[in-house]
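Accompanying notes for the structure given below.
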Amino acid sequence: MRDDGAMAPPADSGIARTILHADLDAFYAAVEQRDDQALRGRPVVVGGLGPRGVVATASYEARRSGVHSAMPIGRARRLCPDAVFLRPRMAHYAAIARTVRAVFERFTPLVEPLSLDEAFLDVTGSRALFGDGRAIAQRLRAEVSAAVGLTASVGVATSKFVAKVASDLRKPDALVVVEPGTEEAFLAPLPVARLWGAGPVAQERLRALGIGTIGELRRTPVEVLALRLGAHPAAHFAALARGDDPRPVVPERDAKSISQEHTFDADLRDDDAVRRCLRGLSEGVGRRLRDAGLTARVVRVKVRFPPFVTRSRQVHLPRPTDDDAELAECAIALVAKARASGRPVRLLGVGVAELVAREATPATAAVPQQRELFGDAGEVAAAAARADLEARRARLTRALDAIRDRFGHDAIRRGT
Amino acid sequence: MKILCDRQQLQDAFSVVGGIPPVKTPNPIVQNVLLRAEGDQVVFFATDYELSARSVMASVQVLEPGAVLLPARETGQLLRELSEPTVSLAGSDDHRTTIECGSGSYQLVGDDPAEFPAEPQFDGTVELQVTSGAFLEMFRRTSFAVAREETRYAINGLLLDYDSGNLRLVGTDGRRLALCHQEIEGPDEPARAVVPLRALQALGRAIDGEQDAVLRVQLGDNRIAFQLGTTTVISQLLDNRFPAYEQVIPKVAETSIEVDRLQLERGVRRVAVLSSGDVRMVRFEFRDAALLLSAESSGVGRAKHTIDATIEGPSSAISFNPDYLLDALKVSDREIIRIDMTDDSTPARFALGETYTYVLMPISGS
């Protein structure tokens with residue numbers, strides 16, 4: 001989840017944009033196969049191995065047996081008993097993803113990561129340097145492969161939506177270019193499920209109108225769609241069906257907010273488990289803040305109680321932070337406000353907003369500061385001790401990041 | 001319950017109690033205001049369990065005595081909108097009250113008055129008496145400095161500090177401090193209390209109409225009661241850990257400046273336009289019988305403004321948050337004010353009136 005920030009180049013400038021959607025093929029499984037020769041060519045399933053575990057990624061070999069992500073692991077075992085089942089090594093994948101991100105950034109600063117293994121790139125301004133969309137995409141795929149030994153599928157189009165559909169179309173190891181002006185024809189034969197935002201309900205309503213493909217949707221007057229879907233979704237789908245998607249590519253640095261959330265397979269009641277989860281989410285958010293060189297003035301939490309009651313709380317910090325422990329303290333305190341002890345929770349989210357560049361954070365001495373009236377000797381000492389503690393916490397966090405980069409996320413953990 | 005009353009009187013009496021009911025509460029009945037009609041008067045009472053207020057509307061035509069609960073928020077909003085001279089209120093058995101005014105009729109759903117919390121009885125151990133208008137003036141000159149955010153000290157309220165015939169009101173948020181004092185009638189022994197701002201705001205609405213009355217202040221261990229005519233406000237007190245405020249009022253200064261208050265206020269207001277940025281800041285430079293105000297906002301612009309001033313002591317420069325300064329200049333009534341200051345790590349003292357002192361911590365590192 002993220003908000004779109006102000007961006008260049010403007011989507012309405014009249015010049016056709018060139019947008020790439022790059023997606024690492026079966027990312028977690030591909031990393032495991034890359035690292036262990038014995039796994040190559042064999043079905044590999046990465047996911048939670050416990051009774052409630054779900055498939056995070058299945059290799060293409062396993063997908064042939066019908067295994068797909070988000071499937072309960074037990075079902076995957078029945079469908080593909082020969083597969084090698086592995087626990088995810090998230091920190092390892094994250095480190096590889098950062099290398100891949102750096103490759104992406106060789107081509108354009110406008111990289112919007114969607115997850116570890118997926119990103120949008122706006123290369124409109126890079127065409128003079130690297131050639132057209134196809135040339136850039138070819139070079140990008142080659143450089144990713146050279147850097148990390150993994151294949152990426154890339155879609156090239158004039159909008160985010162079409163680029164994503166394109167990259168998905170002929171996975172794995174595929175390049176699909178949708179030339180400007182051919183978007184409608186490209187989309188027409190595809191099922192409406194491909195439309196961004198078309199969930200089961202929208203699909204069912206479209207089916208009731210006899211619409212199965214994007215082409216059929218495009219030929220249906222928007223007024224007719226509006227009767228079934230409502231005016232806003234109807235206009236949205238009609239635009240997508242024409243290949244119109246003005247959403248800009250927003251790099252993380254320009255993001256107005258960063259958040260992470262987790263949906264539990266079984267509702268969580270235990271207060272300690274809730275706190276643990278919030279610490280974990282806070283660490284993820286903190287890491288993304290630090291990677292982007294940002295600090296946050298606002299911490300938010302989201303709590304969903306079964307079935308679908310969602311509560312949000314937020315707090316303004318006296319000074320912006322990128323510190324995991326501080327984020328976690330805020331998140332825990334905020335959730336405590338929204339949730340009575342023991343109340344079951346279906347989803348937890350931690351987010352930050354009002355982001356400012358770390359350099360802009362007022363340091364202690366150099367920047368003008370409103371002094372305190374009651375700053376007696378004891379107070380000054382306390383303030384100095386506080387500053388010292390903060391500096392030590394920042395060093396600790398950087399050390400943790402470095403250790404996790406090298407040895408994996410679970411190599412080290414904060415005592416709580 | 002059935003009454004006929006003057007609209008203005010009704011608005012005044014209701015407004016004293018109308019702000020007290022809490023917006024959020026586990027016990028929604030206190031979101032109502034109790035109205036009790038008896039004899040030829042109507043009593044209003046509201047409480048949030050920490051703060052309660054009672055006001056009386058006299059010479060009312062009580063057609064049927066009795067009590068009703070009125071939803072505070074809606075009633076308050078409705079009364080503010082009425083403009084005709086008289087209003088009638090009539091309760092029904094199902095806790096509804098019909099308000100009629102001019103050609104309008106409004107039915108409000110209340111609750112059972114028998115369930116409403118009882119009015120607290122309170123007798124303090126110390127009683128002070130002060131002219132209501134003078135107290136309101138002191139409140140107006142100090143309350144803006146009270147801390148709105150939670151802080152380490154009990155400074156989310158206003159300090160009432162009484163000692164041998166002298167009552168001080170002190171408000172501070174840890175960066176500035178406003179102090180007013182007044183000679184009053186009272187006992188010999190000293191008394192201190194930190195009063196929540198809300199209690200004084202409710203009182204302020206009552207005083208608004210009665211500037212020349214006697215305000216009786218009763219102090220107990222952890223409660224305070226204010227009585228003004230037939231109006232009573234009773235509040236819990238805040239923690240007594242108010243900081244040692246006298247220590248931060250500077251006794252000596254290197255430089256003293258006298259300057260016209262209106263010119264200073266106008267100058268600071270103008271220059272402050274270009275002081276946005278992370279730290280709001282206006283620089284004061286004193287030299288050659290002039291006060292030079294300046295501010296700069298990077299990428300936006302800069303401002304300079306000179307004011308005549310009488311300066312004693314070495315020339316110097318110091319920066320203040322303009323908003324903090326304007327808050328106090330606005331409520332001062334002195335033509336010429338004096339500023340005593342030393343450096344950017346020492347509080348500056350502003351003499352803003354015979355009985356009004358303002359202390360402001362500068363901004364350092366500018």
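All chains are named by letter (A, B, ...) in the order of the sequence lines, taking the proteins before the strands, and each is independently numbered beginning at 1.
- Separating the CZ atom in Arg175(B) from the CZ atom in Phe374(A) is a distance of 12.5 Å, to the nearest 0.5 Å.
- Other residues, nucleotides and ligands place more than 12 heavy atoms under 6.0 Å from the CZ atom of Arg127(A).
- Heavy atoms from other residues, nucleotides or ligands lying under 6.0 Å from CZ of Arg302(B) number 12 at most.
- Environment of CD in Gln247(B): sparse, with no more than 12 heavy atoms of neighbouring residues, nucleotides or ligands closer than 6.0 Å.
- Heavy atoms of Phe320(B) lying under 4.5 Å from chain A are absent altogether.
- Of all heavy-atom pairs between Leu373(A) and Val248(B), the closest is O-CG1, 3.4 Å.
- Atom-to-atom distance recorded for Gln370(A):CD and Arg280(B):CZ is 12.5 Å, nearest 0.5 angstrom.
- What you find for Glu372(A) and Gly174(B) is that their closest heavy atoms are OE1-O, 3.3 Å.
- Heavy-atom contacts from other residues, nucleotides or ligands closer than 6.0 Å to CZ of Arg73(B) number 12 or fewer.
- If you measure heavy-atom distances from Thr346(B) to chain A, you find no contacts under 4.5 Å at all.
- Heavy-atom neighbours of Arg98(A) CZ from other residues, nucleotides or ligands within 6.0 Å: above the threshold of 12.
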